[in-house]
*Asks:* 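Structure below; questions to follow.
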Amino acid sequence: SAAGLGLQLTDQVAATSHHWVFDQWTEDFLKKKYMAFTPDGRMQSMALYYDPEIEHLQSPSALMGLAPCWYMIPQNRPLATLMYEAAVGMLGWNNPNFPVLRPPDLRFLTMGLVLAQELGDATTSARLRERVEEWCEPRFFGSDDGEFGFWFELGEEFPRGQMSAFLMLGELVEEGSWWRLFNEPNLGKLREPMVVGVDYPKIALSRAYNDDGALHFTTHAETASHRGQATTFRVEQLPSSNVTVRRDGAPYGRWRPFGDGVIEIDSEIEQHDFEVITGLESSQAPRASSPATASAGVGAGPAVRNSADLATNAVRDAGLLIVSGAGTCPCCV
């Protein structure tokens, strides 16, 4: 499922045609060997592993459908929905008349919450969020309480990175947003003005987008001990260096041209709202769409590149969630 999603993203950004292999495998092998269905088409069970030498399925269960479901949603949403509904129905998560029982592994609970939000299942989402707050131990930590994670009642000194990263999607995902990242990527924004050279992890950006003829971004101290120190970053891909810069709503003069279509800005490591007024119309204006209304477009995304650049600009749209640990590897579930 993860490899297929990589093929789909490659086709989107490189105008290739490779994903048909995964589609064919899904129809000819996945449904026939890994999955079992009722006569009316509902999924009964799924196995994560299949041994063709001895025709053996490992632990087939409706619950197992949650593991690859996140990767499957952008590729085959109807099939992913069957996986989700089978698991949720078996566990009774969508039935207010039954208590939410604790699964043997809390990762299934977190997957259920994020999937419910992506698929628009408000009842399940609300019920699981209550249990996440109770069982997954969300809290701040670190010398200045500048870090945040989930402890999952494991009794460990620090939170698990992959598990916490996936659960953070519960604060981000809205109905259809994961599907849109792979089916309606806003590649036009990659040619628009963007912030680069940010001295992370001393300073970070909480937002960065182009709209109304300006690049808007907000800085903040990522590490509290560096607050107030001097910092410098750049804005690239400007139509020219003849722009206007504003900070916190007022004209700002601590910047200079730094080459063709590039400016360099001096500031402090602190929370500030910046505007670099370019006059350019943007492809990043917020739009609402869902898989059912695919022509509506995609929402705004970040126009930022920290000092540790992503490998390629082309995957930033989907990488927003992937590189943060959004996808839990099925073999780690």
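Every heavy atom of this structure was used, including side-chain atoms; hydrogens, water molecules and symmetry mates were not. Values in this document were obtained by computation on a predicted structure and should not be read as measured data.
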*Asks:* What about Phe274 and Tyr252, are their ring centers closer than 6.0 Å?
*Replies:* yes
*Asks:* Looking at Arg256, Arg234, Arg247, which hits salt bridge (Lys or Arg N to Asp or Glu O under 4.0 Å) with Asp266?
*Replies:* Arg256
*Asks:* Show which residues join Val21 in its hydrophobic cluster (side-chain heavy-atom contacts under 4.5 Å, direct or indirect), or state none.
*Replies:* Trp20
*Asks:* With sequence neighbours excluded, what pairs up with Glu275 under the side-chain hydrogen bond (donor to acceptor under 3.5 Å, both in side chains) test?
*Replies:* none
*Asks:* Where do Asn242 and Ser240 land on the side chain to side chain donor-acceptor pair (under 3.5 Å) test, with the steps shown first?
*Replies:* CA-CA 5 Å; Asn242 184 22; Ser240 72; 5.2 Å; no
*Asks:* Measure up the Phe152 and Phe150 rings against each other and bin them: parallel (under 30°), tilted (30 to 60°), perpendicular (over 60°).
*Replies:* tilted
*Asks:* Mark yes or no for whether Asn76, through its side chain, and Met72, through its backbone, hold a donor-acceptor pair below 3.5 Å.
*Replies:* no
*Asks:* Verify, without hydrogens or angle tests, whether Trp151 (side chain) and Glu156 (backbone) share a donor-acceptor contact under 3.5 angstrom.
*Replies:* yes
*Asks:* Distance-only, no hydrogens or angles: does the Asp248 side chain make a donor-acceptor pair with backbone N or O of Asp273 under 3.5 Å?
*Replies:* yes
*Asks:* Could you tell me whether a side-chain N or O of Thr38 sits under 3.5 Å from a main-chain N or O of Arg42, the two making a donor and an acceptor?
*Replies:* yes
*Asks:* I'd like to check the side-chain contact (heavy atoms from CB on, under 4.5 Å) partners of Arg191; sequence neighbours left out, ordered by chain and number.
*Replies:* none
*Asks:* What's the shortest heavy-atom distance between Gly4 and Phe22, and which atoms?
*Replies:* CA-CD1, 3.7 Å
*Asks:* Do you know the tightest heavy-atom contact between Val243 and Ile277?
*Replies:* CB-O, 3.4 Å
*Asks:* Can you sort out the partners of Arg207 under side-chain hydrogen bond (donor to acceptor under 3.5 Å, both in side chains), two or more places apart, ordered by chain and number?
*Replies:* Tyr209, Thr218
*Asks:* Look at Glu147 together with Arg139 and state whether they make a salt bridge at an N to O cut-off of under 4.0 Å.
*Replies:* no
*Asks:* Salt-bridge test for Arg180 and Glu174: reply yes if a basic N is under 4.0 Å from a carboxylate O, no otherwise.
*Replies:* no
*Asks:* Between His220 and Glu270, do the side chains contain an N or O donor and an N or O acceptor separated by less than 3.5 Å?
*Replies:* no
*Asks:* Cut-off 3.5 Å, no hydrogens considered: what does the side-chain donor-acceptor table look like for residues 54-66, sequence neighbours left out?
*Replies:*
unit_1, atom_1, unit_2, atom_2, d
Glu55, OE1, Tyr50, OH, 3.2
Glu55, OE2, Tyr50, OH, 2.7
Ser61, OG, Leu63, N, 3.1

*Asks:* I'd like to know if the side chain of Thr223 reaches the main chain of Pro201, judged simply by a donor and an acceptor atom lying under 3.5 Å from each other, with no hydrogens or angles considered.
*Replies:* yes
*Asks:* Ignoring hydrogens, what is the shortest heavy-atom contact between Asn186 and Lys189? Give both atom names and the distance.
*Replies:* O-CG, 3.2 Å
*Asks:* Taking the six-membered ring for Trp, are the ring centroids of Trp93 and Phe98 within less than 6.0 Å of each other?
*Replies:* no
*Asks:* What I want to check is whether the side chains of Asp11 and Thr16 have a donor and an acceptor closer together than 3.5 Å.
*Replies:* yes
*Asks:* Taking the six-membered ring where the residue is Trp, are the ring centres of Phe217 and Phe233 under 6.0 Å apart?
*Replies:* yes
*Asks:* Applying side-chain hydrogen bond (donor to acceptor under 3.5 Å, both in side chains), can you list everything that pairs with Ser17, at least two apart in sequence or on another chain?
*Replies:* none
*Asks:* Walk me through it: do Glu171 and Arg129 pass the test salt bridge (charged side-chain N to carboxylate O under 4.0 Å, His left out)?
*Replies:* CA-CA 10 Å; Glu171 309 300 323; Arg129 180 167 293 282; 3.3 Å; yes
*Asks:* Is the shortest side-chain heavy-atom distance between Val235 and Ile265 below 4.5 Å?
*Replies:* yes
*Asks:* Within the distance-only criterion (no hydrogens, no angle test), does the side chain of Ser177 pair as donor or acceptor with the backbone N or O of Val173 below 3.5 angstrom?
*Replies:* no
*Asks:* Using modelled atom types and a 3.5 Å cut-off, is there a donor and acceptor pairing between side-chain atoms of Ser125 and backbone atoms of Asp121?
*Replies:* no
*Asks:* Any donor-acceptor pair under 3.5 Å linking the side-chain atoms of Gln271 with those of Arg227?
*Replies:* no
*Asks:* Within a reach of under 6.0 Å around CG of Asp260, are more than 12 heavy atoms found that belong to other residues, nucleotides or ligands?
*Replies:* no
*Asks:* Any sub-3.5 Å donor-acceptor pair from Asp105's side-chain atoms to Phe108's backbone N or O?
*Replies:* no
*Asks:* Do you know which two heavy atoms are closest between Phe140 and Asp145, and how far apart they sit?
*Replies:* CD2-O, 3.5 Å
*Asks:* Any side-chain heavy-atom pair from Ser267 and Arg254 closer than 4.5 angstrom?
*Replies:* no
*Asks:* Looking only at non-hydrogen atoms, find the nearest pair between Gly170 and Val114 and report the distance.
*Replies:* N-CG2, 3.9 Å
*Asks:* Considering all heavy atoms of both residues, which atom of Leu109 and which atom of Cys136 are nearest to each other, and what is their separation?
*Replies:* CD2-SG, 4.2 Å
*Asks:* Where the side chain of Gln237 meets the backbone of Glu192, is there a donor-acceptor pair that is under 3.5 Å apart?
*Replies:* yes
